[in-house]
Visitor: 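Handing you a structure now.
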Amino acid sequence: MLASAREVKEAIYGRRMVLFAPLYASNECSNNCLYCAFRRDNKDLLRRTLTMEEIAEEIRLIEDMGHKRVLLVLGESSQSGVAYAEKAVRTTYETTSGRGEIRRVNVNMAPLSVEGFRRLKEAGIGTYQCFQETYHPEQYRHLHPSGRKADYRWRLGVFDRAFAAGVDDVGLGVLYGLSDCRFDTLALLAHAQYLDTRYGVGPHTLSFPRIEPAQNAPAAEHIPYPVSDDEILMIVAILRLSCPYTGIIMSTRESPDMRRELFGLGVSQVSAASRVYPGAYADGRAHVEEAEQFTLGDTRCADAVIRDLGECGYIPSFCTACYRLGRTGHKFMEKAKPGDIQSFCTPNAILTFQEYLTDYAGDDTRAVGERVIAEALADVIPSLRATVESRLECIKAGERDLYL
Ligand code: SAM
Ligand code: SF4
């Protein structure tokens, strides 16, 4: 199975790896999820909701690392509802630093009503992510004792409301460790299949976080159903084989060694240099127990992660072309399934990586990157190669945001 997953990954995604950074804007939360440090009963947490000026400051620092995609992450509270999310998304798009800009804002926040999703869509979100955590109803009830999130069905129906509002780019996930991983993986795939059958569009991404240590979180201290490294490898292989065209996202919860193994098996998007508490990029510390959601497994800077990807033979990609050309939902799947989109993905990965190398890379990363681009050009379909080569020259000469 592992070998088959590697083959599918290679055939569909080639050597591209999309990068993003999370922006934790609020750690205030009225829920009480037993595994999360943001839970209401954690009285030791320093609570904070960033102002729009503070968001802009964080975004400039994220842009200065070279990122073009941000995942906005919010606790569920009256301060961080849809009106706040709308403003945060708009502020993110409007904030630039030198040549840096964010071209796609994805959002991971509590389930909304149809009207709430309409507003987020209007603000220009990319993917809306929401993890069911566990699909096992009894275990779910036990782990979510109070707050809005205690309602299993409100969460389970979240994507139906998103689709009703025209948000057709959605990300599903399970928090591994909460329940039997075989049950949750099957349920996650059943959910994906349901969306595909009902709306003709499966999920855009799948996520497979594992529980990490978190302050005053009993289910993170005594993980109910621990999931081993070997099991996670199998889970990623199963997801890749079951949903070949769906992005698989890995966060910095995993260690650098596990991350390297999982790249080859099926992961297509990774975060780099993530910080998981509000104001963290300005603060500069990787680990602040009294403010963060959980302890990071990979605290390297973005340039080190990008160099490592290049050394492992991957093309780090900052591409956001599909979203900006309106290729989402049906339109994305129509092109992805026959493999049409893939011919554009490698060129776009190369072009956006060249932007990174020119604007942000350290000397060592630039040397690795130039080698990677030279090799990757051989994978570009012959009819597009000359265009890509001439656009690479345009980027070196100062043009930006070129894509096919
Ligand atoms: N508050 C919203 C919600 O719960 O849907 C969105 C933000 S929440 C911070 C994002 C995700 O973090 C959750 O869906 C959960 O899967 C994950 N998470 C919570 N505690 C975690 C932990 N201790 N280790 C790893 N991931 C965790
Ligand atoms: Fe709040 Fe989300 Fe953490 Fe639950 S997982 S306590 S809802 S931030």
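Numbers here are sequence positions counted from 1. In listed order, ligands and their atoms are each counted from 1.
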Visitor: Please check if the distance between the ring centroids of Tyr128 and Phe117 is under 6.0 Å.
Guide: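 Yes, close enough.
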Visitor: Who's the nearest protein heavy-atom neighbour of atom 5 (S) of ligand 2, and how far?
Guide: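 The closest one turns out to be Lys149 NZ, 3.4 Å.
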Visitor: Would you check the N or O atoms of Leu74, main chain and side chain alike, for any that come under 3.5 Å of an N or O of ligand 1?
Guide: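 Yes.
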Visitor: Check whether any side-chain N or O of Lys121 sits under 3.5 Å from a backbone N or O of Gly166 as a donor-acceptor pair, and report yes or no.
Guide: yes
Visitor: Using a strict 4.0 Å cut-off to heavy atoms of Arg39, name the atoms of ligand 2 that fall inside it.
Guide: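 It comes down to these atoms of ligand 2: 6 (S).
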Visitor: Side chain or backbone of Ala214 under 4.0 Å from ligand 1, or both, or neither, by non-hydrogen atoms?
Guide: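 It is the side chain that gets close, since no backbone atom is under 4.0 Å.
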Visitor: Between Arg400 (side chain only) and Ile395 (backbone N and O only), is there a donor and an acceptor less than 3.5 Å apart?
Guide: yes
Visitor: Nearest heavy atom to atom 14 (O) of ligand 1 wins, so pick from Arg148, Glu133, Gln129.
Guide: Glu133
Visitor: Please state which protein non-hydrogen atom is closest to atom 25 (C) of ligand 1 and give its distance, to 0.1 Å?
Guide: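 Protein heavy atom at minimum distance: Arg253 NE, 3.1 Å.
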Visitor: In plain terms, say whether Asp308 and Arg260 are close enough for a salt bridge, that is, a side-chain N and a carboxylate O under 4.0 Å apart.
Guide: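 Salt bridge flag = yes for Arg260 with Asp308.
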Visitor: If we only count heavy atoms from C-beta on, is the Val18 to Arg69 side-chain gap below 4.5 Å?
Guide: yes
Visitor: Tell me: protein heavy atom nearest atom 24 (N) of ligand 1, and distance?
Guide: Glu212 N, 2.9 Å
Visitor: Name the option, out of Leu71, Asn108, Leu34, Ile223, that contains the heavy atom nearest to atom 10 (C) of ligand 1.
Guide: Asn108
Visitor: For atom 7 (S) of ligand 2, what is the closest protein heavy atom, and at what distance to 0.1 Å?
Guide: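 Among all protein heavy atoms, the one nearest atom 7 (S) of ligand 2 is Asn31 ND2, 3.3 Å.
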Visitor: Could you work out, for atom 3 (C) of ligand 1, the closest of Met109, Arg155, His144, Arg39 by heavy-atom distance?
Guide: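 Minimum heavy-atom distance to atom 3 (C) of ligand 1 goes to Arg155.
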Visitor: Counting backbone and side chain alike, does Cys36 bring an N/O/S atom below 2.8 Å of atom 1 (Fe) of ligand 2?
Guide: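 False for Cys36.
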Visitor: So, Tyr93 side chain and Gly124 main chain: donor-acceptor pair closer than 3.5 Å or not?
Guide: yes
Visitor: Determine, for Arg307 against Asp364, whether the closest basic-nitrogen to carboxylate-oxygen distance falls under 4.0 angstrom.
Guide: no
Visitor: Does the ring pair (Phe, Tyr, Trp, His ring centres under 6.0 Å) test come out yes or no for Tyr24 and Tyr277, once each step is laid out?
Guide: CA-CA 5 Å; Tyr24 278 69; Tyr277 61 93; 8.7 Å; no
Visitor: To the nearest 0.1 Å, how far is atom 1 (Fe) of ligand 2 from its closest protein heavy atom, and which atom is that?
Guide: Cys29 SG, 2.3 Å
Visitor: Quick one: do Asp180 and Arg182 make a salt bridge, cutoff under 4.0 Å?
Guide: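 Result for this pair is yes, salt bridge flagged.
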Visitor: Does a salt bridge link Asp379 with Arg385, judged by any charged N lying under 4.0 Å from a carboxylate O?
Guide: no
Visitor: For atom 4 (O) of ligand 1, find the nearest protein heavy atom and state the residue, atom name and distance (0.1 Å precision).
Guide: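 The closest heavy atom on the protein side is Lys149 NZ, 2.8 Å.
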Visitor: Is it true that some N/O/S atom of Cys33, main chain or side chain, lies under 2.8 Å from atom 4 (Fe) of ligand 2?
Guide: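 Looking at Cys33, which is the residue asked about, there is an N, O or S atom under 2.8 Å from atom 4 (Fe) of ligand 2.
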Visitor: Which heavy atom of the protein is the closest neighbour of atom 12 (O) of ligand 1, given with residue, atom name and distance?
Guide: Gln293 NE2, 3.0 Å
Visitor: Pairs of nitrogen or oxygen atoms closer than 3.5 Å, one from Tyr35 and one from ligand 1: do any exist?
Guide: yes
